[in-house]
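What follows is one structure encoded as structure tokens, with my remarks underneath.
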Amino acid sequence: MSEVQVQLKDGASARLPSSATVADALKQLDRDKAKQALAARVNGDEVDLAARLERFGANGDAAKPVEIEPVLPETREGLEVLRHSTAHLLAAAVLDLFPGTKLGIGPALLDDPRYGFFYDVIAPRQLTDEDLPVIEKRMREIAKRNMPYRRDDITKSEALRIFSERDEPLKCKLIDDKGGDTVSVYYIDGSPFIDFCLGPHVPNTNRLRAFKLLSLSGAYWLGDATQPQMQRIYGTAFFTPEELEAWLKQREEAERRDHRRLGRELDLFSIQDAYGQGLIFWHPNGAVIRKAMEDYLYEELNKRGYQFVFTPHIAKRDLWITSGHDQSYGDSMFSPVKLEEVEFRLKPMNCPFHIGIYKSQQRSYRDLPKRYAEMGTVYRAELSGTLHGLMRVRGFTVDDAHLFCTPEQVRQEIDGCVDFVVDVFKTFGFEKVKFELSVKGSDTGKQWLGGEEGWAHAEAALAESLDSRGVDYERIEGEAAFYGPKIDFKVEDAIGRLWQLGTVQWDFNLPDRFALEYVGEDGKAHRPVMVHRALFGSIERFFGVLIEHYAGAFPVWLAPVQVAVLPITDRVNEYAERVAADLRAAGLRVEVSTRGEKIGAKIRDAQVRKIPFMLVCGDREAESGQVAVRERSRGDIGAMSVEDFKRMAQRLVDSRALVNVVES
RNA sequence: GCCCGCGUAGCUCAGGGGUAGAGCGCCUCCUUGGUAAGGAGGAGGUCAUGAGUUCAAAUCUCAUCGCGGGCUCCA
């Protein structure tokens with residue numbers, strides 16, 4: 001019998017008959033890991049543990065051992081195998097309960113924090129949420145039967161025969177499109193399930209212990225709106241019940257922080273049917289926060305040599321044709337309106353307007369760089385189904401800026417932008433920033449504007465800027481805008497979710513389209529470089545992220561009401577009003593609660609509204625000119641004079657502190 | 001836009017072919033209480049909108065509007 005030489009990636013080796021399986025080999029090489037392994041990587045390819053060595057090793061050729069590496073739990077690969085196998089289990093349960101169900105695809109999801117896997121199905125009847133627990137129960141029953149996942153390698157025609165016999169037209173289509181001469185299919189023994197699938201899978205259903213079905217939604221076959229709509233069943237799976245539990249907790253926490261709920265509870269903003277979807281009303285509490293955010297930005301923009309501009313919300317359609325938006329972005333713009341035979345369109349971006357200011361007079365190299373900044377409100381015709389609270393809207397304000405500079409200046413300008421972004425994020429408590437450099441792809445079908453040389457120069461400038469600050473960044477090929485490369489910034493919030501916010505984009509396109517010029521040292525006309533840059537991105541969206549990041553408990557400098565003065569009895573109402581007036585005179589936002597409630601109720605009320613400081617005043621305080629200070633997360637922090645409190649609060653506000661503790 | 005689900009008081013929600021319900025909030029009165037809910041009373045709803053079925057519709061049907069979950073991540 002022929003034998004195969006096998007070797008663990010970094011160590012032990014053994015010799016086994018070629019009829020042995022990968023699992024057998026692993027057992028010889030490392031007993032512990034063999035036990036844990038979900039699948040294995042053999043000569044670089046992921047395979048099942050049940051795969052026979054003869055598939056890999058040629059006739060016991062000792063010169064080149066077969067390299068084996070277990071796929072272990074707690075790794076990305078391991079999780080993928082686990083979830084993919086759980087998706088199969090889901091399909092098996094659905095087929096069991098609803099014979100005649102047609103299967104679509106059922107992959108594992110690793111990068112979507114909301115879900116772990118899904119399976120698309122067309123069931124004989126419409127599934128509802130009530131079906132999920134029933135399906136999940138059946139999954140558990142099948143899992144408990146310790147059924148092996150079995151793989152068969154068969155010819156394509158054989159596979160087509162099997163699936164058309166089972167009346168699985170979608171699977172047949174997949175096999176036709178993606179299958180080679182031989183294809184692999186997977187069974188779960190003891191269930192009616194069979195799937196066209198590359199694998200690998202866990203060896204046995206008993207490995208699936210911690211999973212949960214989450215939701216049901218619609219999804220098009222192949223994501224194409226012209227294709228039939230299927231039902232997508234989402235679920236997630238982990239290696240241990242504890243991990244699943246922790247994940248579900250985190251999900252609840254995210255729900256608790258939902259900006260739409262907090263927005264209503266804290267009376268921050270609303271969206272009203274009668275006025276239109278995706279349009280935001282900033283209520284007084286939300287407006288206070290926005291004002292503080294914008295004031296901060298203006299302060300920073302000033303320091304960094306930006307100039308403020310204001311531009312219209314609408315412009316002639318011809319302008320948008322010149323900029324190219326009408327042609328390439330027109331579907332996302334509101335339809336034109338006509339006045340005296342001239343068509344106008346609402347602006348979806350601010351760039352052409354800032355260009356208008358640049359072009360309003362001749363520019364010399366001595367004038368550059370020009371940094372025009374504007375809180376520019378734009379309107380985009382987003383599809384109704386994509387709208388979501390503050391995160392996806394139809395009208396929003398960009399903390400926009402456009403930099404016009406010479407090619408020599410651009411590197412420095414980009415450095416300035418990156419510095420700016422990082423500083424701003426830090427102020428709001430986003431310490432972890434993920435940088436992404438999106439560059440031109442080599443062979444994608446996209447049309448890239450601008451010459452090779454220009455791209456090389458631009459990409460190098462962006463990369464150098466990131467390199468020079470020693471940060472890690474991901475370089476993403478082919479993700480650049482058609483008009484130039486860009487850096488995107490993602491922040492991690494308080495519960496570990498990533499949000500894409502700011503962006504710095506190089507633009508080869510608009511300076512050409514608008515024929516921008518400056519007069520150089522040589523007295524000749526040159527084309528300036530243009531950089532688009534936003535920090536928050538959309539102020540609405542950033543506000544939504546902040547609400548969820550802080551869970552509604554804003555730092556003092558942002559809090560709509562910073563101080564609640566709470567008199568214990570009516571006797572001290574007047575004293576409370578005097579304290580409040582004193583603090584207001586110092587610029588603090590203060591409320592007094594004189595309603596006829598006990599102190600406990602007044603505290604609860606302020607606490608629920610997440611007011612940072614409560615000043616409890618009774619006879620003792622009124623006599624001594626003090627206040628008993630309660631901080632929203634620490635509780636009672638003792639009495640102090642009104643003067644001391646005022647100084648402390650002001651210091652917290654002025655320093656834009658993130659926690660309400662004064663460093664002494 | 002498309003699929004599924006949902007729309008009852010300011011909010012969260014129960015109910016369901018034949019006088020419209022609860023808790024919280026709001027208003028009034030009593031209570032003046034020292035660190036997360038004192039007590040009593042009251043106001044408040046064309047049951048999203050429109051049409052249909054019915055002796056009778058908040059309830060059943062359809063349409064419209066809105067909201068929510070989604071809409072190709074190696075078979």
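As a basis for the values below, the full set of heavy atoms in this structure was taken, side chains included, without hydrogen atoms, waters or symmetry mates. Small disclaimer: the values here were computed from a predicted structure and weren't measured. Per chain, numbering begins at 1; letters A, B, ... match sequence-line order.
Using cut-offs of 30° and 60° on the angle between ring planes, the pair A:His88 and A:Tyr186 is perpendicular.
Side-chain proximity of A:Ala628 to B:G69, B:G34, B:C74: nearest is B:G34. When distances run from any side-chain atom of A:Arg571 to the nucleotides B:C74, B:G34, B:G33, the shortest one goes to B:G33. Listed nucleotides B:G69, B:G33, B:A37 differ in distance to A:Ser215; the shortest reach to its side chain belongs to B:G69. In this structure, of B:G1, B:G69, B:A36, it is B:G1 that holds the atom nearest to the side chain of A:Tyr220. The side chain of A:Ala219 lies closest to B:C71 when the candidates are B:A36, B:U35, B:C71. Which of B:A36, B:G38, B:U35 sits closest to the side chain of A:Gln607 comes down to B:A36. When distances run from any side-chain atom of A:Thr386 to the nucleotides B:C71, B:C74, B:U35, the shortest one goes to B:C71. In this structure, the nucleotide among B:G34, B:C74, B:G38 sitting nearest to the side chain of A:Val616 is B:G34. In the set B:G1, B:G33, B:G34, B:G33 carries the atom at the smallest distance from any side-chain atom of A:Lys598. Closest to the A:Phe118 side chain, of the nucleotides B:C73, B:G69, B:A37, is B:C73.
Atom CZ in A:Arg394 sits roughly 10 Å away from atom C1' in B:G1 (whole-Å rounding). As rounded to whole Å, 15 Å separates atom C1' of B:U12 from atom CG of A:Asp258.
A:Glu597 contributes no side-chain N or O that forms a donor-acceptor pair with the base of B:G39 under 3.5 Å.
Comparing the C1' positions of B:C24 and B:A36 gives an interatomic distance of 15 Å, to the nearest angstrom. Taking atom P on both nucleotides, B:A43 is separated from B:U28 by 15 Å, rounded to a whole Å. Distance check on atom P: B:A22 versus B:G34 gives 34 Å, rounded to whole Å. B:G10 and B:G45 have their C1' atoms separated by 12 Å, with the value rounded to a whole Å. The same atom, P, is picked in B:U64 and in B:C3; the two are 10 Å apart, to the nearest Å. Using P as the reference atom, B:C13 and B:G17 are 23 Å apart when rounded to the nearest Å. For the C1' atoms, the distance linking B:C74 with B:G66 amounts to 40 Å, nearest Å.
Using a 4.0 Å cut-off between charged nitrogen and carboxylate oxygen, A:Lys486 and A:Asp488 count as a salt-bridge pair. Ionic pairing of A:Glu168 and A:Lys102 is not present here: no N-O contact between side-chain nitrogen and carboxylate oxygen is shorter than 4.0 angstrom.
Of the candidates A:His201, A:Glu80, A:Arg207, A:His201 is the only one forming a side-chain hydrogen bond (donor to acceptor under 3.5 Å, both in side chains) with A:Ser85. For the side-chain hydrogen bond (donor to acceptor under 3.5 Å, both in side chains) with A:Glu548, the lone residue among A:Arg497, A:Arg257, A:Arg260 that qualifies is A:Arg497.
For A:Arg232 and B:C2, the shortest distance from a side-chain N or O to OP1 or OP2 is not below 4.0 Å. The phosphate of B:C3 (OP1 or OP2) has no side-chain N or O of A:Gln231 nearer than 4.0 angstrom. Regarding contacts with the backbone of B:U72, every side-chain N or O of A:Tyr119 stays at 4.0 angstrom or more from both OP1 and OP2. Residue A:Arg260 has a polar side-chain atom (N or O) positioned under 4.0 Å from OP1 or OP2 of B:G68. Within the 4.0 Å cut-off from OP1 or OP2 of B:G33, not a single side-chain nitrogen or oxygen of A:Thr569 is found. Listed pair A:Tyr115 / B:G70 meets the phosphate criterion, a side-chain N or O lying under 4.0 Å from OP1 or OP2. The shortest distance between the side-chain N/O atoms of A:His84 and the OP1/OP2 oxygens of B:C74 is not below 4.0 Å.
The residue A:Ile568 sits close to a base: some heavy atom pair falls under 4.0 Å.
Judged by closest nucleotide on RNA chain B, A:Gly276 is the one of A:Val183 and A:Gly276 placed further toward the 5' end. Mapping A:Asp570 and A:Arg264 onto RNA chain B by nearest heavy atom places A:Arg264 closer to the 5' end of the strand.
The glycosidic torsion of B:U61 lies more than 90° away from 0, which places this base in the anti conformation.
Nearest heavy atoms, A:Val393 versus A:Glu382: O-CG, 3.4 Å.
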Audit row: A:Phe211, A:Phe117, ring pair (Phe, Tyr, Trp, His ring centres under 6.0 Å) steps and yes/no = CA-CA 10 Å; A:Phe211 54 82; A:Phe117 62 83; 7.9 Å; no
